[in-house]
There are 2 protein chains.
Amino acid sequence: MKIGELANKTGLTTKTIRYYEDIGVLPEPGRQANGYRSYSPSVIDRVGFIKDARASGLSLIEIQIILELRDEGESTCGHTVRLLESHLEDVETQIIDLHRTKTQLEKMINNAKALDPADCLNPNRCQTISVTHLQMEGTGTE
Amino acid sequence: MKIGELANKTGLTTKTIRYYEDIGVLPEPGRQANGYRSYSPSVIDRVGFIKDARASGLSLIEIQIILELRDEGESTCGHTVRLLESHLEDVETQIIDLHRTKTQLEKMINNAKALDPADCLNPNRCQTISVTHLQMEGTGTE
DNA sequence: AAATACCTTCCAGTTGGCTAGAAGGTTTAC
DNA sequence: GTAAACCTTCTAGCCAACTGGAAGGTATTT
């Protein structure tokens, strides 16, 4: 299978496939006599794995770690599970952060809508987003 | 106030302050006779606004739009609220996506834990994350 | 007068995940 | 035989939000 065919079957571009090879998440394939890359069908599954893992929010680096361990024939379940669990924690943190952001945004919007329109004409005091009246129990940054 | 003092008071670095000036979210300040930047105290509030808005997930571009309108003395409430509402939608979408990711990760982890450890030794069939048995109602990508 | 701690500008690099394009070789179809 | 559609490598650019460093000027302290 040439790179174009693999691209077609997986929905990646040839560019992306070569990029994945560069960074090591796809192994260097064999070559035909003319230098073209020659893929075995099994690489389709590997790409599928990568796509699933990406869709779950794993970075290519994390995917590479899993795949490298797997390629070494290691029993990777332990490593993989730990990596997934740590990633799950990240995701949960992100969800919490986003909920806080959401609350903040809703407050801002309600605030703005409750305003006397006349206040909007005072350029020095846009009340919509103000430093002073939206202090919450911690903004999360710094 | 010189840039270092502003940096101290706001928790930004001097680098970041100059960067904000470059991209236009902070106005060019006056200069002392020696060429040093000279800030009025009001810029502290403006930086505070920027930090709050960043913490709410607004990009510097979005912040710039709000501030530009405000600087022009426009009645910006309408614009600002629309921007905030559109951003709120983004945040809600992100939360939904992350919940789907979370579910997927939990499935993977449970799957892995339920496995016969012997399977882990077969390097061609790491079951932990597999393309085949985790298909959900749409991966979201592409 | 020298050390240090500031300040100035400008240019380049970082991270992550690609994407674009140049400049060439190969294969297939008409 | 030539055009197109593929393939190769390499370099460079994109996004955001900075950060680092060079090369110099200034201010303060000893």
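A quick note: this is a predicted structure, and the numbers were derived from the prediction, not measured. In what follows, every chain begins at residue 1, and chains take the letters A, B, ... in the order their sequences are listed.
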Open item on the list: From the set D:dC18, D:dT8, D:dG25, return the single nucleotide nearest to any side-chain atom of A:Y36.
Closed with: D:dT8
Open item on the list: Tell me the interatomic distance from B:D22, atom CG, to C:dT8, atom P, rounded to whole angstroms.
Closed with: 12 Å
Open item on the list: Is it the case that over 12 heavy atoms from other parts of the model lie below 6.0 angstrom from the CD atom of B:Q32?
Closed with: yes
Task: Distance, rounded to the nearest Å, where B:N34 contributes CG and D:dT28 contributes C1' - done: 13 Å
- [ ] Examine D:dC18: is either OP1 or OP2 under 4.0 Å from a nitrogen or oxygen in the side chain of B:Y20? Give yes or no.
- [x] yes
Task: Whole angstrom value for the distance that separates C1' of D:dC7 from CE of A:M1 - done: 16 Å
- [ ] Can you figure out which of D:dT19, C:dG17, D:dT8 approaches the side chain of A:R54 most closely?
- [x] C:dG17
Task: Member of B:M108, B:R100, B:E106, B:K107 meeting the side chain to side chain contact (heavy atoms under 4.5 Å, CB included) criterion with B:Q104 - done: B:M108
TODO: Measure the distance from CZ on A:R31 to P on C:dT26 and round it to the nearest whole Å.
DONE: 14 Å
TODO: Would you please confirm or rule out a distance under 4.0 Å between OP1 or OP2 of D:dT9 and any side-chain N or O of A:R37?
DONE: yes
Task: Interatomic distance, A:I63 CD1 vs C:dG17 P [rounded to whole Å] - done: 8 Å
- [ ] For B:L12 and D:dA17, give me the distance from atom CG to atom C1', rounded to whole Å.
- [x] 12 Å
- [ ] To the nearest Å, give me how far apart OH (A:Y19) and P (C:dT19) are.
- [x] 10 Å
TODO: Check whether any side-chain nitrogen or oxygen of A:T14 sits under 4.0 Å from OP1 or OP2 of D:dC7, and answer yes or no.
DONE: no
Task: Min side-chain heavy-atom separation B:I50-B:L60 under 4.5 Å - done: yes
Open item on the list: Closest approach to the side chain of B:I3, judged atom by atom: which nucleotide of C:dT8, D:dT8, D:dT19 is it?
Closed with: C:dT8
- [ ] Treat each ILVMFWY residue as a node, draw an edge where side-chain heavy atoms are under 4.5 Å apart, and state whether A:L12 and A:I44 are in one component.
- [x] yes
Task: Protein-nucleotide distance (A:L26, atom CG; C:dG17, atom P), rounded to Å - done: 14 Å
- [ ] Examine the base of C:dG17 for any acceptor or donor lying under 3.5 Å from a partner atom in the side chain of A:K15, and report the outcome as yes or no.
- [x] no
TODO: Looking only at side-chain atoms of B:R18, point me to the closest of C:dC18, C:dC7, C:dG17.
DONE: C:dC7
Task: Nearest-nucleotide pick for A:T16, side chain only, options being D:dT9, C:dT19, D:dT19 - done: C:dT19
Open item on the list: Just verifying a value: how many Å separate B:N34 CG and B:K2 NZ, rounded to the nearest 0.5 Å?
Closed with: 7.5 Å
